[in-house]
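Okay, so here's the structure we're looking at.
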2 protein chains.
Amino acid sequence: MSGGEETDTAKKVTDAALRPFLGFNLRRAWNVIHADLGATLDPLGLRMITFSALVVIGDNPGLSQAQLAAALSVERPNLVAVTDELTRRGLISRERVPSDRRTYALRLTTAGARLLAQATEAVHAHETSLYAGLTGDDRAHLLGALAKIEATGTGRS
Amino acid sequence: MSGGEETDTAKKVTDAALRPFLGFNLRRAWNVIHADLGATLDPLGLRMITFSALVVIGDNPGLSQAQLAAALSVERPNLVAVTDELTRRGLISRERVPSDRRTYALRLTTAGARLLAQATEAVHAHETSLYAGLTGDDRAHLLGALAKIEATGTGRS
DNA sequence: GTATAATCGTTATGACTTGTATCTATCTTC
DNA sequence: GAAGATAGATACAAGTCATAACGATTATAC
């Protein structure tokens with residue numbers, strides 16, 4: 001039962017058979033980034049969804065929750081907890097719109113803008129270190145390839 | 001309420017502000033692939049985790065559940081339902097190992113090997129169509145970049 | 001050789017994310 | 001004004017994933 005190759009344990013068990021699948025590699029890379037990005041945002045009290053929300057609100061002041069949900073590709077109900085949390089922490093303001101009293105106009109507060117700036121800097125620094133092995137061209141190619149895959153899968157040609 | 005630019009609705013609300021982040025693009029691409037791959041495997045009665053398990057078992061006949069869990073990067077408890085399901089469907093066999101009666105030796109059954117072949121073909125066909133916009137070089141670069149990111153994040157140099 | 005520690009598979013459990021159905025209030029359309 | 005659509009919210013279900021703990025078995029220490 002030492003050097004036998006009867007069944008298995010001679011050769012190490014690896015995921016080599018899954019490596020040819022691009023989807024598998026994409027999942028693994030995403031897992032790494034997800035965990036790492038989470039660790040980066042955690043000290044700031046943010047999650048990926050709350051950070052993303054701050055970014056989109058900062059770029060589109062006055063937007064509604066439905067618009068935010070669409071931009072983030074999440075369902076409306078799942079955004080309620082996010083806006084609640086951001087409001088409770090004083091990072092965004094929700095003002096009623098006179099012309100349409102169903103909707104809220106979301107805007108960053110001063111504290112929200114400050115935190116967003118900090119978080120953006122932290123995320124950029126983190127991405128820079130995570131993509132240290134890649135050249136600028138590599139990153140550009142990667143972005144382009146990911147966008148093409150997303151576009152193909154989404155069906156928008 | 002038509003042409004005013006007081007606050008917002010003049011310019012469309014998009015995720016443009018998130019696009020510079022590679023992590024965001026990676027997540028979106030992964031979401032697309034995940035949904036698409038799920039739809040591809042569903043007719044065969046497989047999920048990504050069961051498909052991945054079949055691939056690794058087929059490549060490492062006789063391995064233990066702990067080895068399989070390590071190769072798939074999932075915790076051991078989460079693999080129990082997977083092996084249970086595959087065993088119940090007669091796709092894999094679990095034989096006790098005389099030299100270590102704690103472990104099971106996992107192997108594909110004939111039916112399992114047949115289904116794996118079908119699924120592999122389906123997944124490959126699907127990946128081919130999904131990556132239609134990419135050249136062979138693009139795919140190779142993408143694979144390399146993803147592997148580098150994973151390696152950097154995992155800490156293994 | 002026996003006591004201690006470690007491992008395998010398992011069960012139970014909780015945290016987290018995400019989607020669906022439904023409700024009220026409000027706006028739009030006819 | 002009535003019917004339908006939309007915004008936000010609530011409740012709920014389903015899926016993923018990690019941790020703690022247990023019995024059975026093996027490895028290690030003394």
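Computed from heavy atoms alone, side chains included, the values below leave out hydrogens, waters and symmetry copies. The chains referred to below are lettered A, B, ... by the order of the sequence lines, with proteins before strands, and numbering in each begins at 1.
Between the side chain of B/Asp15 and the backbone N or O of A/Val56 there is no donor-acceptor pair closer than 3.5 Å.
One atom, NE2 of A/His34, and another, P of D/dA18, lie 11 Å apart when rounded to the nearest Å. Atoms CE (B/Met48) and P (D/dT16) sit 11 Å apart, rounded to a whole Å. Atom CZ in A/Arg47 sits about 12 Å away from atom C1' in C/dT18, given to the nearest Å. Atom CD of B/Glu95 and atom P of C/dC8 are 19 Å apart (whole Å). The CH2 atom of A/Trp30 sits 15 Å away from the C1' atom of D/dC17 (whole-angstrom rounding). The interatomic distance linking B/Leu72 (CG) with D/dC17 (C1') rounds to 14 Å, in whole Å.
In summary, the aromatic rings of B/Phe51 and A/Phe24 are positioned with their centroids too far apart to meet the 6.0 Å limit.
Each of A/Pro98 and A/Ser73 was assigned the nucleotide of DNA chain C with the nearest heavy atom; the assignment lying further toward the 5' end belongs to A/Ser73.
The aromatic rings of A/His141 and B/His141 lie parallel to each other, with less than 30° between the two planes, well short of the 60° mark.
Closest contact between the side chain of B/Arg101 and the listed nucleotides C/dT17, D/dT25, C/dG19 involves D/dT25.
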Contact string for nucleotides 5-10 of chain D, one letter per nucleotide 5' to 3', B = base within protein heavy-atom range under 4.0 Å, S = sugar-phosphate only, - = neither, reads -BSSBB
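A cation-pi arrangement is found for A/Arg94 relative to A/Tyr104, the charged atom lying closer than 6.0 Å to the ring centre and inside a 45° cone about the ring normal.
For the pair B/Arg27 and A/Glu150, the salt-bridge criterion is not met [side-chain N within less than 4.0 Å of a carboxylate O].
Nearest heavy atom pair, residue B/Leu46 against residue B/Ala119, reads CD1-CB, 3.7 Å.
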